[in-house]
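Before any comments, here is the structure.
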2 protein chains.
Amino acid sequence: MLNERNLKNLLYQEFARIGKSLSSPKRLEILDILSQGPKSVEALSKATTMSVANVSQHLQTLTNSRLVTFQKKGNYVIYELADVAISNFLTSLHNLSEKQFVQVQQIKEEFLNAHLGMDGITLSELKERLEKGEVVLLDVRPKEEYEKAHIPGAISIPIEELREKLSSLPTNYDVVAYCRGQYCLMSVEAVEILKNNGINAHRLENSVQDWHQFQDKSTGELK
Amino acid sequence: MLNERNLKNLLYQEFARIGKSLSSPKRLEILDILSQGPKSVEALSKATTMSVANVSQHLQTLTNSRLVTFQKKGNYVIYELADVAISNFLTSLHNLSEKQFVQVQQIKEEFLNAHLGMDGITLSELKERLEKGEVVLLDVRPKEEYEKAHIPGAISIPIEELREKLSSLPTNYDVVAYCRGQYCLMSVEAVEILKNNGINAHRLENSVQDWHQFQDKSTGELK
DNA sequence: CAATTATTCAATTAAATAGTTGAATAGATA
DNA sequence: TATCTATTCAACTATTTAATTGAATAATTG
């Protein structure tokens with residue numbers, strides 16, 4: 001019988017398929033890593049310090065809830081997020097989580113402190129230094145995201161390619177790296193790589209969206 | 001020991017607290033109902049056809065993950081969403097889910113078919129008829145959401161108050177009801193109430209955001 | 001103050017889930 | 001063809017979870 005109650009049950013069951021996928025910390029970490037770009041099972045296993053079999057199992061539940069897709073490349077199976085929308089959704093989960101739990105904020109700060117010398121930079125500092133031509137702004141997200149939208153003046157070097165392309169960066173400028181926002185760790189990694197190679201680097205913890213809001217606000221004030 | 005791995009584990013555990021809350025169809029339904037406004041345990045129990053004890057238990061997990069808050073009102077305990085951001089987050093979950101699963105779309109359509117005579121109206125039809133002054137546009141979301149943003153020309157009557165305020169509506173105009181978008185059922189209920197009271201009503205399945213996008217696109221075309 | 005009402009608590013059961021282990025596949029290489 | 005490698009499968013254990021039941025609270029009403 002397909003009455004209203006049953007229809008609702010069906011609908012919420014479908015919604016919950018995604019929720020179930022997001023209910024395991026390990027799966028959330030896998031999704032986060034995949035939001036940096038496609039990865040093999042083995043690579044995910046290393047990055048998360050989980051057994052290969054376990055990662056494989058998690059990837060199957062993620063495949064079932066259509067959050068990831070895969071394709072075989074020779075011996076390897078390469079997984080990736082099924083849609084860019086998923087990356088945005090994860091970001092909003094992070095933000096919501098921070099809003100509800102003070103400890104999330106604290107953990108993040110401890111994490112940044114652990115990465116010594118992770119100097120941040122604010123949006124207004126960035127704007128000022130960009131206008132003076134003092135800094136190079138580096139977008140380390142996957143190319144597609146950069147192409148969709150980026151902070152004006154930014155150049156794109158996805159984190160995966162940063163090590164190879166270091167030479168294309170000027171050494172006499174400071175570099176400011178950014179990615180998707182506070183809980184996006186690609187910019188943290190980027191700053192570390194840059195510093196290890198003698199380039200003075202800062203992390204911008206804001207996202208493209210934050211930048212737009214900042215612009216709207218400051219032009220709004222001028223009126 | 002608080003090394004990088006442990007920090008990551010902690011962080012993803014926190015994120016997963018919210019995910020866990022979203023992993024049960026029943027809890028998602030409770031959240032959806034609460035996004036229409038504050039409700040007592042009993043009211044939620046009736047609306048979901050779950051036992052009171054069961055609803056109470058779910059509400060406790062939701063309280064623990066900070067998605068809902070409550071306050072005692074005499075004999076009753078009134079629960080509500082902890083933040084407006086949660087309502088938006090749920091909407092994006094619905095949209096993501098529809099994107100990933102064709103069946104979600106199908107279930108929705110069966111649901112609308114089950115509500116006989118649920119005539120929809122498109123954004124461009126609405127615009128035309130609004131300009132001609134043929135229709136009254138009715139926003140049935142909670143007052144706060146209307147105040148934050150609404151489709152220009154819309155009047156606000158939250159679904160909870162619709163029955164009492166029916167008399168304030170003109171009977172010689174068609175009414176178009178809208179709420180948060182496709183999976184928001186308040187507008188469905190509104191159209192039913194209106195029709196039952198001899199008012200010719202249509203449902204707009206778009207959200208305020210959809211309307212903005214529609215405006216941007218149509219003004220864009222004029223350039 | 002006894003009865004009523006709304007909610008929560010505590011204990012139980014059945015089902016679902018996460019992680020481990022070792023074997024099975026399937027593609028690549030030698 | 002034999003061997004190696006990346007991944008998946010299947011079986012199992014330990015936990016966690018959802019829902020039910022009946023009792024316990026706590027505010028309200030007569």
Side-chain angles (χ1 to χ4, degrees), chain A residues 5-6 8-10 12-34 38-65 67-80, chain B residues 5-6 8-10 12-34 38-65 67-80:
Chain A
R5 176 97 309 266
N6 288 335
K8 281 195 184 172
N9 287 347
L10 278 172
Y12 286 108
Q13 250 163 50
E14 290 297 326
F15 292 155
R17 287 169 76 163
I18 294 186
K20 282 199 174 66
S21 278
L22 305 178
S23 69
S24 143
K26 299 295 184 185
R27 277 197 293 271
L28 286 174
E29 188 174 359
I30 290 173
L31 287 171
D32 249 16
I33 296 171
L34 286 180
K39 293 276 183 315
S40 71
V41 180
E42 202 193 12
L44 288 167
S45 158
K46 275 211 186 102
T48 57
T49 70
M50 299 166 69
S51 76
V52 172
N54 196 11
V55 170
S56 175
Q57 242 171 276
H58 280 305
L59 285 168
Q60 255 147 324
T61 54
L62 289 171
T63 307
N64 287 334
S65 61
L67 292 177
V68 305
T69 57
F70 63 88
Q71 57 190 125
K72 299 212 167 189
K73 280 253 172 81
N75 224 341
Y76 295 79
V77 181
I78 307 295
Y79 282 84
E80 64 184 313
Chain B
R5 175 95 313 263
N6 288 336
K8 280 195 185 173
N9 286 348
L10 279 173
Y12 286 109
Q13 252 164 51
E14 290 297 327
F15 292 155
R17 288 169 75 164
I18 293 186
K20 283 200 174 68
S21 278
L22 305 177
S23 69
S24 145
K26 299 295 182 186
R27 276 196 295 269
L28 286 174
E29 188 173 0
I30 291 174
L31 287 171
D32 250 16
I33 296 170
L34 286 180
K39 294 274 184 316
S40 72
V41 180
E42 200 194 14
L44 288 167
S45 158
K46 276 212 186 99
T48 58
T49 70
M50 299 166 67
S51 75
V52 172
N54 196 11
V55 170
S56 174
Q57 240 171 276
H58 280 304
L59 286 168
Q60 255 146 323
T61 55
L62 290 172
T63 307
N64 287 334
S65 60
L67 292 177
V68 306
T69 56
F70 61 89
Q71 56 191 125
K72 299 213 166 189
K73 278 254 173 78
N75 223 343
Y76 295 79
V77 180
I78 307 294
Y79 283 84
E80 64 183 314

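The sequence lines fix the lettering, A, B, ..., with proteins before strands; numbering per chain opens at 1.
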Report which part of the nucleic acid [X] touches: base, sugar-phosphate, or nothing (heavy-atom distance under 4.0 Å, all strands).
{"X": "A:S40", "value": "sugar-phosphate"}
{"X": "A:V52", "value": "base"}
{"X": "A:Y79", "value": "sugar-phosphate"}

From [options], nucleotide with atom closest to [X] side chain:
{"X": "B:S51", "options": "D:dT20, C:dG19, D:dT7", "value": "D:dT20"}
{"X": "B:Q57", "options": "C:dT7, C:dA11, D:dA6", "value": "C:dA11"}
{"X": "A:V77", "options": "D:dT8, C:dT20, D:dA19", "value": "D:dT8"}

Hey, are the side chains of A:L31 and A:V68 touching, using non-hydrogen atoms and a 4.5 Å cut-off?
yes
How many Å lie between [atom1] on [X] and [atom2] on [N], as a whole number?
{"X": "B:N9", "N": "C:dG19", "atom1": "CG", "atom2": "P", "answer": "10 Å"}
{"X": "B:H58", "N": "D:dT20", "atom1": "NE2", "atom2": "P", "answer": "9 Å"}
{"X": "B:K72", "N": "C:dT5", "atom1": "NZ", "atom2": "P", "answer": "19 Å"}
{"X": "A:I78", "N": "D:dT5", "atom1": "CD1", "atom2": "C1'", "answer": "14 Å"}
{"X": "B:E42", "N": "C:dT4", "atom1": "CD", "atom2": "C1'", "answer": "13 Å"}
{"X": "A:M50", "N": "D:dT7", "atom1": "CE", "atom2": "C1'", "answer": "15 Å"}
{"X": "B:N64", "N": "D:dT16", "atom1": "CG", "atom2": "P", "answer": "15 Å"}
{"X": "A:L59", "N": "D:dA6", "atom1": "CG", "atom2": "C1'", "answer": "13 Å"}

Distance (rounded to the nearest 0.5 Å) between [X] [atom1] and [Y] [atom2]:
{"X": "B:T49", "Y": "A:K8", "atom1": "OG1", "atom2": "NZ", "value": "9.0 Å"}
{"X": "A:S40", "Y": "A:K46", "atom1": "OG", "atom2": "NZ", "value": "8.0 Å"}
{"X": "B:L10", "Y": "B:R5", "atom1": "CG", "atom2": "CZ", "value": "10.5 Å"}

Check ion pair A:E14-A:R17 (N to O, under 4.0 angstrom):
yes
Is there a donor-acceptor contact under 3.5 Å from the side chain of B:S56 to the main chain of B:V52?
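The answer is no, because no donor-acceptor pair under 3.5 Å joins these two groups.
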Closest-nucleotide 5' rank along DNA chain C - winner of B:V55 and A:N54:
B:V55
Measuring to OP1 and OP2 of D:dT8, would you say a side-chain N or O of A:S56 lies under 4.0 angstrom away?
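Result: yes.
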Decide whether A:S23 and B:S23 meet the rule of one side-chain donor and one side-chain acceptor closer than 3.5 Å.
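The criterion, which ignores hydrogens and geometry beyond distance, is not satisfied for B:S23 and A:S23.
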Between A:N75 and A:F70, which residue's closest nucleotide on DNA chain D lies nearer the 5′ terminus?
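First, find each residue's nearest nucleotide; the 5'-ward one identifies A:N75.
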Selection: residues 17-33 of chain B, any non-hydrogen atom under 4.0 Å of DNA chain C
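The stretch gives none, as no residue of it lies under 4.0 Å from the strand.
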